[in-house]
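Below is one structure; the comments refer to it alone.
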Number of protein chains: 2
Amino acid sequence: MGVKERRERQKEILRQEILNAARELFAKEGYENVSMRKIAEKIDYSPTTIYLYFEDKSELLRCLCEENFSRLLSRFEALKKECSSPLDCLKKGLHAYIEFGIKHPNHYRVSFMVHPEHPDDPDHYSNDSMGHRTFEVVKSIVEECIKQKIFRDQDTTMISQGLWAAIHGITSLLIVHPDFPWIDRNRLIEHVIETVTNGLKA
Amino acid sequence: MGVKERRERQKEILRQEILNAARELFAKEGYENVSMRKIAEKIDYSPTTIYLYFEDKSELLRCLCEENFSRLLSRFEALKKECSSPLDCLKKGLHAYIEFGIKHPNHYRVSFMVHPEHPDDPDHYSNDSMGHRTFEVVKSIVEECIKQKIFRDQDTTMISQGLWAAIHGITSLLIVHPDFPWIDRNRLIEHVIETVTNGLKA
DNA sequence: GTTTTTGATTAACAGTGTTAAGTCTAAATG
DNA sequence: CATTTAGACTTAACACTGTTAATCAAAAAC
């Protein structure tokens, strides 16, 4: 009866092969410049085969995004342990977020910069998506900052959403308009993080 | 010899008619959901006619964007006169920017949230684009804030780019993820503006 | 050995932005 | 007035896109 398992294994391998091809192509060429046919060609299968393993093109991306976010989440949780003060931790987290976006611009774009194609998907803003869990980590750090009277006492959800907005702003602008006459990027990133945390202080 | 002029006038009228149709459709359905054929149908011309008046689809949008930005710029310049303190002026300007984005989400998206399709276009980051001129107004207000010792003395370009990043962040997130469990939008917008300006204070 | 299931493919649909070639009308020229 | 010419517009087509229905071959189940 091991034949069924072998088949399952084979299917899983092909599924991963598709994801690998998609990951590489999306990262290099950008989501909307990669066609299903291109992905199929890369793995020497017919385009329609992909549809036996994934609902549609956007599902490919959603899988890859969860993958990436799970990595970002790990990074966040690691930071939480290796930092001295919660403020230090928060700043390093914000840094990590921006770096993450700049390093995976195409995945970042489709995660946060284009309308979700399936907004009714229960997974999208669900409580156990990687994005949500990452957000919860930020909130807990903010809470610690308030407890230690580093930040003045305000709603932690509001603060976290505000922080996210600011940090998303610089990340997305640097991604979309790399040729804009920015001042030195690192200095700008540093400045945004400093300003926005400074504005929260007690 | 008035025949040439009449022809020119006719051409200009059709050009405007195309822009009107595009403006309405883009605003309602979103740039990428509107095809050249749809625009053509709306004005009862063949799709190819549009190409006699505009380079390609993206040029339609660029024209409409300049239009909108010119309105935002007027708003900014008006504010500069009717405000008491430069800080008050700055905050109102940031508010106006966010409202502008939320009111014209489809135009905002293509201006700031998708890769420019012709980044080599000299008009794009040129010194007399509406976007650039708007940015210059912000810079002048920031400068005034520093002069009056409201803000501590830092590079005005850096501050302005940072402000833009933060404000763009909240704008774009509210546009792209309207279904995210935000706290009260107005409160969040208010909070971001307060935090980010607060962080710059002397 | 026959039937059923499964995995993959071919062909097609309906749509996209865009271009080359052709048509048709109204003005300019002889 | 007749003919040429210039300009505005359209038709047909190309090379794509995501996606689906129908088909086919091979392996598994009976």
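Letters A, B, ... are given to chains in the order of the sequence lines, protein chains preceding strands, and every chain is numbered from 1.
Under the 3.5 Å distance criterion, with hydrogens and angles disregarded, a donor-acceptor pair is assigned to the side chains of A:Ser140 and A:Lys80.
Look at CG on A:Leu52: it is 14 Å from C1' on C:dT5, rounded to the nearest Å. Computed from coordinates, the A:Phe54 CZ to C:dG7 P distance equals 15 Å when rounded to whole Å. Computed from coordinates, the B:Glu17 CD to D:dA8 P distance equals 16 Å when rounded to whole Å. Atom CZ of A:Arg37 and atom C1' of D:dG18 are 7 Å apart (whole Å). Put simply, CE on A:Met36 is 12 Å from P on D:dT17, counting in whole angstrom units. One interatomic measurement links the two molecules: CD of A:Glu8 to P of C:dG7, which rounds to 8 Å at whole-angstrom precision. Distance CG (A:Asn33) to C1' (C:dG17): 14 Å, rounded to an integer number of Å. The CG-P distance, from B:Leu61 to C:dG17, rounds to 13 Å in whole Å.
For the pair B:Glu32 and B:Arg109, the salt-bridge criterion is met [side-chain N within less than 4.0 Å of a carboxylate O]. Between A:Asp155 and A:Lys139, none of the side-chain N atoms (NZ, or NE/NH1/NH2) sits under 4.0 Å from a carboxylate O, so this pair counts as no salt bridge.
Near DNA chain C, meaning a heavy atom under 4.0 Å away, the residues from residues 42-51 of chain B are B:Thr48, B:Tyr51.
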Derivation of the side-chain contact (heavy atoms from CB on, under 4.5 Å) call for B:Ile39 and B:Tyr45: CA-CA 9 Å; B:Ile39 300 173; B:Tyr45 278 83; over 6 Å; no
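Under the 3.5 Å distance criterion, the side-chain polar atoms of B:Lys38 are matched with a main-chain donor or acceptor of B:Asn33.
Of all nucleotides listed (C:dG17, C:dT18, D:dT19), C:dT18 comes nearest to the side chain of B:Asp56. Nearest to the side-chain atoms of A:Tyr53 among the listed nucleotides D:dC9, C:dA8, D:dT17 stands C:dA8.
By the 6.0 Å and 45° rule, B:Lys92 does not stack over the aromatic ring of B:Phe76. The cationic group of A:Lys11 lies under 6.0 Å from the six-membered ring centre of A:Tyr53 and within 45° of the ring axis, placing it in a cation-pi geometry.
Toward the 5' end of DNA chain C, the nearer of the two residues A:Lys11 and B:Lys57, judged by each one's closest nucleotide, is A:Lys11.
Residue A:Leu14 is in sugar-phosphate contact alone, with no base atom involved, counting any heavy-atom pair closer than 4.0 Å across all strands shown.
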